[in-house]
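Below is one structure; the comments refer to it alone.
For reference, positions follow the sequence shown, starting with 1.
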Amino acid sequence: MAGAYQRWGKRALDLVLGSLALVLAAPLLAVAALAVWLTLGRPVLFLQRRIGQGGREFTCVKFRTMQPDRRRDEPGRAPGPERRINHKSAADPRLTRLGRLMRASSVDELPQLVNVLRGDMSLVGPRPELPAVVARYEPWQHRRHAVKPGMTGLWQISARADTAMHEATAIDLDYVDRIGLRLDLEILARTIPALLTQRGT
């Protein structure tokens, strides 16, 4: 069942539920876009390269939640690592009050429904990682890229509050080993309650 589901069923589920979710979320997307525009100006969307299925890079779409990093424009600033290599750092000084709220509710990630419909992502799967994080992977960790990255997954509904995303590879591999329609529907059903109880940000 898992083999047939992975080959065609999962994509069909993404197209049907992803399209429905995009239609239902359209009013919220419009309000969020307006709020970001009034708070941060243009552009409203934040585009970032992430690693997808098979280790391929793609452009992940999110709402902007942070002020620009002005350090990049400082004259004479030596090149170095990014301020943050992990995701969703609540202590990042660039994070706005609106951005903090959007991240806590995951509204900032709703534009990724476009990634789902394009085929870059799935509704359910391991979260897509930054190339700089994947570059430090041990060989065994790359097995998480056997499936498409997802908007939600086992990490979000289980250990999100206690485990950093880049440290949750074991959870992702558990999903890869057990992938199936029943598991995906269970994760989708448990995602909203997990967000409402704000299990991590």
Nearest 0.5 Å please: distance from the CG atom of Asp108 over to the NZ atom of Lys62. 4.5 Å

Parallel, tilted or perpendicular, judged at 30° and 60°: which one describes the rings of Tyr137 and His142? perpendicular

Mind checking the OG1-CG spacing from Thr96 to Leu101? Nearest 0.5 Å is all I need. 9.5 Å

Does Leu98 reach the side chain of Thr65, with side-chain heavy atoms less than 4.5 Å apart? no

Tightest non-hydrogen contact, residues Leu183 and Tyr175, listed as CD2-CD1, 3.6 Å

Passes side chain to side chain contact (heavy atoms under 4.5 Å, CB included), Arg103 versus Leu95? Steps please. CA-CA 10 Å; Arg103 288 187 174 198; Leu95 188 62; 3.6 Å; yes

Which atom pairs, donor and acceptor, lie under 3.5 Å between side-chain atoms of residues 12-28 and protein residues at least two apart or in another chain?
{"residue": "Asp14", "atom": "OD1", "partner": "Ser122", "partner atom": "OG", "Å": "3.1"}
{"residue": "Asp14", "atom": "OD1", "partner": "Leu123", "partner atom": "N", "Å": "3.0"}
{"residue": "Asp14", "atom": "OD2", "partner": "Ser122", "partner atom": "OG", "Å": "2.9"}
{"residue": "Ser19", "atom": "OG", "partner": "Leu15", "partner atom": "O", "Å": "2.6"}

Spell out, as yes or no, whether a donor-acceptor pair under 3.5 Å connects the side chain of Arg50 to the backbone of Glu129. no

Greater than 12 external heavy atoms within 6.0 Å of Trp8's CH2: no

Hydrophobic cluster membership, with links at side-chain heavy-atom distances under 4.5 Å among I/L/V/M/F/W/Y: are Val31 and Leu113 in one? no

Presence of salt bridge, Arg182 and Glu186, under 4.0 angstrom: no

Walk me through whether Gln141 and Arg143 qualify under side-chain hydrogen bond (donor to acceptor under 3.5 Å, both in side chains). CA-CA 5 Å; Gln141 292 178 291; Arg143 193 160 64 87; over 6 Å; no

Run Phe63 and Leu45 through side chain to side chain contact (heavy atoms under 4.5 Å, CB included) and show every step you take. CA-CA 5 Å; Phe63 281 124; Leu45 296 177; 3.8 Å; yes

Is the shortest distance from a Lys or Arg side-chain nitrogen in Asp120 or Lys148 to a carboxylate oxygen in the other one below 4.0 Å? no

So, Gln53 side chain and Ala146 main chain: donor-acceptor pair closer than 3.5 Å or not? yes

List the atom of Val116, the atom of Arg11, and the distance in Å for their closest heavy-atom pair. O-NH1, 2.7 Å

Connected via hydrophobic side-chain network under 4.5 Å: Trp140 and Ile51: no

Looking only at heavy atoms, the pair that brings Asp174 and Leu154 closest together is OD2-CD1, 3.7 Å

Under a 4.5 Å cut-off applied to non-hydrogen side-chain atoms, are Arg97 and Thr39 in contact? no

Charged N-O contact under 4.0 Å between Arg127 and Glu109: yes

Joint cluster assignment, Met151 & Val176, ILVMFWY side-chain distance < 4.5 Å: yes

Any chance you could measure Thr59, atom OG1, to Gln48, atom CD, to the nearest 0.5 Å? 10.0 Å

Could you give me the CA-CA distance, side-chain angles and deciding distance for Val124 and Lys10, then say whether side chain to side chain contact (heavy atoms under 4.5 Å, CB included) is met? CA-CA 9 Å; Val124 181; Lys10 190 170 176 64; 4.0 Å; yes

To the nearest 0.5 Å, tell me how far Glu57 CD sits from Leu130 CG. 10.0 Å

Examine Leu47 and Met121 and state if one hydrophobic cluster contains both, with Ile, Leu, Val, Met, Phe, Trp and Tyr joined whenever side-chain heavy atoms are less than 4.5 Å apart. yes

Examine Leu29 and Leu117 and state if one hydrophobic cluster contains both, with Ile, Leu, Val, Met, Phe, Trp and Tyr joined whenever side-chain heavy atoms are less than 4.5 Å apart. yes

Nearest atoms (heavy-atom pairs only) where Trp155 meets Ile171: N-CG2, 3.6 Å

Other residues, nucleotides, ligands: >12 heavy atoms within 6.0 Å of Arg49 CZ: yes

Heavy atoms only: give me the nearest Phe58-Pro149 pair and the separation to one decimal. CE2-CG, 3.9 Å

Give the minimum heavy-atom separation between Ser105 and Met102, together with the two atoms involved. OG-O, 3.3 Å

Steps toward side chain to side chain contact (heavy atoms under 4.5 Å, CB included) verdict (Leu173, Arg144): CA-CA 6 Å; Leu173 296 186; Arg144 73 191 299 273; 4.2 Å; yes

